[in-house]
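Presented below is the structure to which this report refers.
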Amino acid sequence: MISVPEHITLSQGAGGRDMQRLLDDVIYQYLDPLSLQRDDAATFALNSLAQSGDRLAFTTDTYTVSPLRFRGGDIGALAVNGTVNDLACSGAIPRFLSLSLIIEEGFALEELRFYLQSLQQAAHSAEVTIVTGDTKVMPRGAIDGLVINTSGLGVIPSDRQPGIDRLKTGDTVIVSGFIGDHGTAILGARSDLQLDIDVTSDCKAITPLTELLFAHGGVRFVRDATRGGLAAVLNEIASSSQQGVRVRETAIPVRPAVRSTCELLGFDPLSLANEGTFVAVLAADTAGSALEELRRHPHGLHATAIGEITDRRPGKVELESAFGATRLLDMPRGELLPRIC
Amino acid sequence: MSTISNTEEGLRYLDEFRDPALARQLLETLHDQCDRLSQQRQKPLQIMEVCGGHTHSIFRYGLHDLLPDSIELVHGPGCPVCVLPKGVIDDCLRIATAPDTILASFGDALRVPGAKKSLLQARAEGADVRVVYSPLDALNLARQHPDKTVVFFALGFETTLPATALALQQARASSVDNFLVYSNHITILATIRAILQSPDMRLDGFLGPGHACMIIGTEVFRFVPERFGIPFVVAGFEPLDILQSITMIVNQHLNRAPALENQYTRVVRDHGNAVALQAITEVFEVRESFEWRGLGAIDQSGLRLRAAYRAFDAEHCFDLGQQKIPDPSHCQCGEVLKGVLKPSQCKLYSNQCTPEQPQGALMVSSEGACAAYYNYGVPRDQCA
Amino acid sequence: MCLGIPAQVKTISNEAAKLGIVEIAGVRREINLACVCKDAQSPTELVGCWVLVHVGFAMALIDEAEAELTLTLLNELGELQAETQGARL
Ligand code: SF4
């Protein structure tokens, strides 16, 4: 029997026999054979979806990360959890994913297997099924190793109506846990910085916590704090709702190692990425009990209230320092570059 | 249920100096002192914080809002990125686009606009620009790429100088022949001298550059109180350091006894760091004059490599340092750098000049006074 | 200007080159210790010491006693302030 070569070749993306062998011998091995629909399109029965809700949520995202592996995760887990989390924020129960792999010529097969396995595990624990997909191979140098796109479909139960237009003055703003862990784990994995950091990425599905929140009630808005971190999400909330957001800096949970990494490189923990931590705006009278519920879940131990919606400075995020002074928190800008001064 | 504190396990020597309760007490002391001082003088005290690091802390903790009205902070020139002339960025662009050449730079310099573009834009267009954290990382790049020339864009004040010097000593000792340094190092000492001699100078005190002083010591600044009668307090960078240093300056005014004092004793010694100073002297010599953005040429404020290090000097291998590119004519960086205008009083501030579209260098680095004002939401001064 | 962060020297990674690993609350990096090693002194004597790190170099030893002194002074100032406030009431 001819085995698949150790490194990905261009001919494996060409649609011929080599490609079929890559699919059959490698990629399909990591997907659920029953649910994978090898036809041109995956099909679903409408009535089975309609049983769990009255609206569909549909989202897509493309994942690149350098390096591909880091403490607490890798591009495979990221590609599943990222899309699952986008669905969860809209109130949906995530159901189906598509999976597109774009692989660089020469990519080690063993590596690919590793990421596929991680992907499979993440999908399993997030209770989503990969139903369709695509594979392309790009010439060496055209991409950085592996790029993954996933699209996701979920069903929104009829009693859930989160939306930015629902925010009210006095609502409570919470975060679901420590912030900046993912961004810091990536910095720790980057060889150029030569940092060895005791921080694990928060890369995980947020559905266990968002399901608790939606079941509890009082949820106005949920957003996972990915690129741009907490600072970006808070600014998005302020600018799209045209309300003010006021946050107490001392209330924001940041691990010491995240803080020291930021001190060393001149970064702000508030603009570091997260991959399994979210911001939620809750009706003030339900926030206390909602937080108690979150904290009973192992993923929610550090969920905490960090501020509130105000009518003072519409569109702006105010940050109250430990010293009682107030400053504006701006949208983070572009690529984070380590500073010396 | 307990709330989570983000300081359960602290950062030693930082968190102790960020204690809000102590800061409140210190602020009260300061308010009392200023009340007493107001019996002696009407004009507010203008205190220049020399370093961008101080500026950064002041805004990060909102100290400027908490100080008595009779204390006015003036943001000094202490950001080595902000004072780089545009021509230098263009030199670096030329280096970065030269064949088989890698430009290694601190991240700070990548967003600074040159005449046409920044290093970040040039990198997007294919120039080989690498961000390094240390000059030694640049030297290692040279070792890893023997087929390329690695040029390290060296910038910074006295604090950073020993690092470049030691990297060059290593390069020479181990005969790395594809490593060059483009020295844009400057000295804060010469700059403070220039500020003191400028005719529109009206400062009542300096928060001295704590980290530059850990290299050069405090004694070199004795001339400030002795010849100019202006208090000079070498200050650490945490909020309590800054507040304590301000109380020290106000005290000197109360006692009418301007002096050189060191608040940052845990790090700064009177005579600095001998090993570092020796490395600097071995590798660098003073230029007659160096062009600062916004301030113009300042005598003896720049440093270049000594003849013994000529083989490592990018200035001898590339045609550099020739072009002068003026800043846009409305740009008022010079006045801001000298403390004559506040950033929010510049005509361009927050309308034509923003961190996305910086006109002047003070808007580029997050240590720059204009960027600090902008990022922390200071509105444009309408009365200016 | 010039980010400088206190870190503790954990181990010496290359005695001849005066390189060591420093740690700040769970973050480690190899840095150059040459500027804080006096001539004959072996870098191993620095293990356990706190240094101020800038661009990958230890640029100063942190003087623990002086740090304590500054803090004591700050605390005393605070107490004094509290007393005068009390006296005024
Ligand atoms: S606002 Fe822009 S142009 Fe004006 S002083 Fe600041 S950096 Fe210069």
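Quick note on labels: first sequence line is chain A, next is B, and so on, each numbered from 1.
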Straight-line distance of B:R266 CZ to C:T70 OG1, nearest 0.5 Å: 6.0 Å

Would you find a donor on one side and an acceptor on the other, under 3.5 Å apart, between the side chain of B:S134 and the backbone of C:V55? yes

Intermediate values then yes/no, side-chain contact (heavy atoms from CB on, under 4.5 Å), C:L73 and B:Q263: CA-CA 11 Å; C:L73 213 80; B:Q263 180 276 333; over 6 Å; no

So, the part of B:R24 with a heavy atom under 4.5 Å from chain C: the answer is neither

By the salt bridge (charged side-chain N to carboxylate O under 4.0 Å, His left out) test, which pairs, at least two apart or in different chains, include something from residues 46-74 of chain C? B:R12-C:E64

Considering all heavy atoms, the nearest C:A60-B:M214 contact: CB-SD, 3.8 Å

Can you name the nearest heavy-atom pair linking B:T159 to C:H54, along with the distance? O-CD2, 3.5 Å

Working to the nearest 0.5 angstrom, can you tell me the gap between B:D19 CG and C:L71 CG? 9.0 Å

Looking at every non-hydrogen atom in both residues, tell me the closest pair between C:A34 and B:L166 and how far apart they are. CB-CD2, 4.4 Å

Quick one: what part of C:L74 sits under 4.5 Å from any heavy atom of chain B, side chain, backbone, both or neither? both

For the side chain of B:N273 and the backbone of C:M59, is there at least one donor-acceptor N/O pair under 3.5 Å apart? yes

Engaged part of C:L61 at the chain B interface, taking heavy atoms whose separation is under 4.5 Å: both

Show me the pairs that pass salt bridge (charged side-chain N to carboxylate O under 4.0 Å, His left out) and involve residues 160-176 of chain B, at least two apart or across chains. B:R172-B:E282

Pick whichever of B:Y13, B:F17, B:F106, B:Y264 has the most heavy-atom pairs under 4.5 Å with chain C. B:Y13

Per-residue contact mode, B:D137 against chain C (heavy atom under 4.5 angstrom): side chain

Segment of C:V27 engaging chain B (4.5 angstrom heavy-atom cut-off): neither

With chain C as the partner, which of B:L11, B:L240, B:L14 has the greatest number of non-hydrogen pairs under 4.5 Å? B:L14

When only pairs under 4.5 Å are counted, which of C:I24, C:V51, C:N75 shares the most heavy-atom pairs with chain B? C:N75

Are side-chain heavy atoms of B:F237 and C:L3 found at a separation under 4.5 Å? no

Should B:T265 and C:L69 be marked as a side-chain contact (heavy atoms from CB on, under 4.5 Å) after you check the CA-CA gap, both sets of side-chain angles, and the distance that decides it? CA-CA 9 Å; B:T265 49; C:L69 202 70; 5.9 Å; no

Count the heavy-atom pairs under 4.5 Å between each of C:I62, C:I31, C:N32 and chain B, then report the option with the highest count. C:I62

Heavy-atom pair of closest approach, residues B:Y133 and C:G56: CE2-N, 3.5 Å

